[in-house]
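In the text below, chain A, chain B and the rest are named by the order of the sequence lines, each starting its count at 1.
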Protein chains: 2
Amino acid sequence: MSDVAAFADVSPSTVSLYLRKPEAVSPQTGRVIALAIAKLNYVPNFAAGSLAAAASRAVGVVVPSIKNAAFAETVMSLQTALGKANFHVLLGHTEYDEREEEAVVRTALSWAPAALVLTGLGHSEGTRKVLASRRIPVVEIFDISGDCIDIAVGFSHEKVGEAMADHLAETGHRRLAFIGSRMQEDLRAARRASAFVARTKALGLPPPPVIGHPAPPDAEIGGMLMSRLIESHPEVQAVACSNDHIALGALFCAQRRGLRVPDDIAIMGFGGLAFTLASTPPISTVLPHGDLIGKETARLIIERHGGKGVDRSTVVDTHFQVVPRESTAPRVAASAITGTI
Amino acid sequence: MSDVAAFADVSPSTVSLYLRKPEAVSPQTGRVIALAIAKLNYVPNFAAGSLAAAASRAVGVVVPSIKNAAFAETVMSLQTALGKANFHVLLGHTEYDEREEEAVVRTALSWAPAALVLTGLGHSEGTRKVLASRRIPVVEIFDISGDCIDIAVGFSHEKVGEAMADHLAETGHRRLAFIGSRMQEDLRAARRASAFVARTKALGLPPPPVIGHPAPPDAEIGGMLMSRLIESHPEVQAVACSNDHIALGALFCAQRRGLRVPDDIAIMGFGGLAFTLASTPPISTVLPHGDLIGKETARLIIERHGGKGVDRSTVVDTHFQVVPRESTAPRVAASAITGTI
DNA sequence: GTGAAAGCGCTAACAC
DNA sequence: GTGTTAGCGCTTTCAC
């Protein structure tokens with residue numbers, strides 16, 4: 001940087017100022033400095049900057065798994081938006097383990113990050129304590145039902161579960177069920193399931209069976225869960241799935257068994273993945289707006305960084321959208337055909 | 001750190017030494033320091049460390065898109081392995097744009113990273129130049145056919161294309177085709193397609209049509225491409241797809257049109273995604289071993305960092321695996337039925 | 001095996 | 001609008 005300053009015949013602090021607030025330097029000085037930077041192929045040293053400023057432009061982003069398409073989408077849109085404001089993403093994953101999360105958070109804090117993005121509202125005591133002792137912005141994403149540390153951006157998984165039950169009931173299904181995987185660790189999926197069960201009962205429908213599996217969600221597990229469901233509860237008319245991969249596997253399983261979807265059994269997913277639109281039949285799903293979560297998170301971090309008044313306990317509800325498709329097409333009521341219920 | 005030193009009644013440099021090489025400090029001193037660290041809840045400052053050492057433990061990882069499951073898997077396994085050696089992942093994505101990659105690389109270099117991981121062997125002149133002026137390890141992943149900057153870990157996309165043609169030919173298909181998306185940007189997909197065409201011709205089969213689309217690959221695009229293929233080339237017996245999502249869409253499209261897979265048309269994907277095993281019928285695919293790429297990359301970075309002799313121009317072939325499934329089940333030769341060709 | 005001292009490249013007051 | 005100054009918290013020689 002002093003090389004640049006010497007070349008441009010200004011002081012190092014002017015170069016530093018130009019780099020951080022170009023508008024605070026006179027246009028012509030700015031031009032000379034820009035030229036010197038290009039000429040010397042200057043690459044700044046963020047470590048030195050972070051040390052001097054006691055804060056970096058790194059943002060720690062901690063998700064359970066980036067193999068999960070929803071998180072991948074959010075991380076990507078978050079990164080795009082943060083990148084435009086010259087923030088950088090330091091990535092960590094936890095596999096739904098709070099102890100792992102704590103370790104990742106401690107590591108991230110060592111970089112004196114400008115902000116920390118965590119997934120969900122559940123964290124270990126150690127994580128909370130170490131976060132409380134700093135005053136860096138913390139954004140908790142993908143959940144808003146509960147107490148947040150600082151800022152929360154996401155939606156209510158309870159409402160998703162309820163909306164799924166409502167949708168299946170509205171389309172004329174009475175015997176509902178929920179299948180899902182890894183619900184011991186993925187507590188948000190578990191809460192969607194619980195809310196689904198509660199709402200189904202509240203609607204006066206028979207209590208829906210819930211079948212789970214400990215493995216990470218994929219179409220194979222979905223097929224297995226569907227098989228078990230059909231065998232143990234042949235009366236079921238509609239299945240809500242913990243996510244779209246499970247739903248896809250359920251659809252294939254139904255096909256393999258010669259069951260028509262939705263006539264014999266309706267299927268609904270969660271996640272809004274692209275294949276739900278392309279499948280035969282297209283699968284009804286719930287869009288969580290992962291990209292919006294990323295964008296809003298970036299916006300709040302940038303605003304907070306700019307000193308703008310983003311209050312603590314700010315909660316942004318990004319909502320979700322039920323997307324009805326053919327896999328849950330309205331059922332002709334049995335009474336309409338046979339005259340009985 | 002000086003607080004820790006004071007508490008442990010040693011000098012700061014001893015604490016520093018303990019943190020970097022615990023074995024270089026006497027066991028009892030080490031124990032006292034460890035106690036002080038725990039007592040004071042000491043969090044190191046990586047910025048200061050990076051500045052003083054003129055190198056950080058951050059590893060810049062640059063992929064086209066983490067929404068792509070193959071890259072997500074690689075980033076995740078890379079991160080897991082690097083994390084165990086106390087390296088941290090600084091993530092960037094390029095959307096297959098070399099100019100974007102150059103910007104991301106420059107940013108990453110500002111962190112004085114311990115290593116840089118780039119995707120593929122194609123980079124802009126600017127990227128090459130700025131990398132050449134440093135001597136940090138550079139690992140190029142997901143491709144090994146071409147000249148690498150430093151270290152390459154991946155597989156040959158040409159061989160994948162050839163293996164796909166071979167597999168379809170061996171299973172008795174004569175009229176082949178290739179469908180794929182975003183092949184203008186995703187040059188590795190384009191090379192799989194080219195090699196597929198070349199090998200098909202070399203096998204004495206009719207030149208296969210190639211149909212592409214500029215959008216990112218997903219099942220919907222796959223269905224569209226399949227539709228266009230069936231309409232323009234009704235004689236086609238087997239389709240190779242640029243990836244599994246395209247193949248899934250193609251399968252659904254075939255179902256919708258009442259075509260039996262594989263009897264009327266065989267389908268083969270690339271990527272080894274979980275749903276290929278669960279679909280009806282299961283889809284033949286090619287496993288790229290993304291997790292292995294991540295692991296090997298981490299291993300090489302750690303070895304190079306430890307001063308072990310990982311030579312420049314080291315190339316690790318992680319290979320790939322053709323997984324034959326029902327969607328390309330052997331075709332009963334027409335001659336066996338009708339006695340003619 | 002441990003400590004003293006110098007300085008990494010930058011930022012942020014403050015003075016001009 | 002620009003320059004001067006004093007560190008930021010660590011690592012790294014080099015003595016001891």
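- Taking 4.0 Å as the cut-off between side-chain N and carboxylate O, A/Arg99 and A/Glu102 do not count as a salt-bridged pair.
- In this structure, A/Arg20 does not reach the C/dC10 phosphate: none of its side-chain N or O atoms is under 4.0 Å from OP1 or OP2.
- Here A/Tyr42 lies in heavy-atom contact (under 4.0 Å) with sugar-phosphate atoms only.
- Rounded to an integer number of Å, the gap from CE of B/Met1 to P of D/dT12 is 11 Å.
- Between the side chain of A/Glu98 and the backbone N or O of A/Ser124 there is at least one donor-acceptor pair closer than 3.5 Å.
- Residue B/Thr29 is in sugar-phosphate contact alone, with no base atom involved, counting any heavy-atom pair closer than 4.0 Å across all strands shown.
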Kindly indicate, with the supporting measurements, whether the criterion side-chain hydrogen bond (donor to acceptor under 3.5 Å, both in side chains) is fulfilled by A/His93 and B/Thr80. CA-CA 8 Å; A/His93 67 250; B/Thr80 301; 3.1 Å; yes
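- Residues A/His88 and A/Phe46 bring their aromatic ring centres within 6.0 Å.
- Minimum atom distance to the side chain of A/Ala52 is reached by C/dC10, of the listed C/dC10, D/dC10, D/dT4.
- We find that CZ of A/Arg57 is positioned 11 Å from P of C/dT11, with the value rounded to whole Å.
- Of the candidates C/dG3, D/dG3, D/dT2, the closest approach to any side-chain atom of A/Val10 belongs to D/dG3.
- The nearest whole Å value for the distance from the CG atom in A/Asp3 to the P atom in C/dC10 is 9 Å.
- Rounded to an integer number of Å, the gap from B/Leu19 CG to D/dT12 C1' is 15 Å.
- Place B/Ala54 and B/Pro12 on DNA chain C by their nearest nucleotides, and B/Pro12 ends up nearer the 5' end.
- Proximity of A/Ser16 to the phosphate of C/dC10: no side-chain N or O atom is located under 4.0 Å from OP1 or OP2.
- For the OP1/OP2 pair of C/dG3 and a distance below 4.0 Å, the side-chain nitrogens and oxygens of B/Thr14 include at least one atom meeting the criterion.
- One N or O donor and one acceptor, one from the side chain of A/Ser13 and one from the base of D/dT4, sit under 3.5 Å apart.
- Separating the CG atom of A/Leu17 from the C1' atom of D/dG1 is a distance of 9 Å, rounded to the nearest angstrom.
- Remark: aromatic rings of B/Phe155 and B/His289 are distant, center separation not under 6.0 Å.
- Between B/Asp9 and B/Ala48, the residue whose closest nucleotide on DNA chain C is further toward the 5' end is B/Asp9.
- Within the 4.0 angstrom heavy-atom criterion, only backbone atoms of the sugar-phosphate kind lie near B/Ala53; the bases stay farther away.
- A/Ser26 comes within contact range of the sugar-phosphate backbone alone, with a heavy-atom separation under 4.0 Å but no base atom that close.
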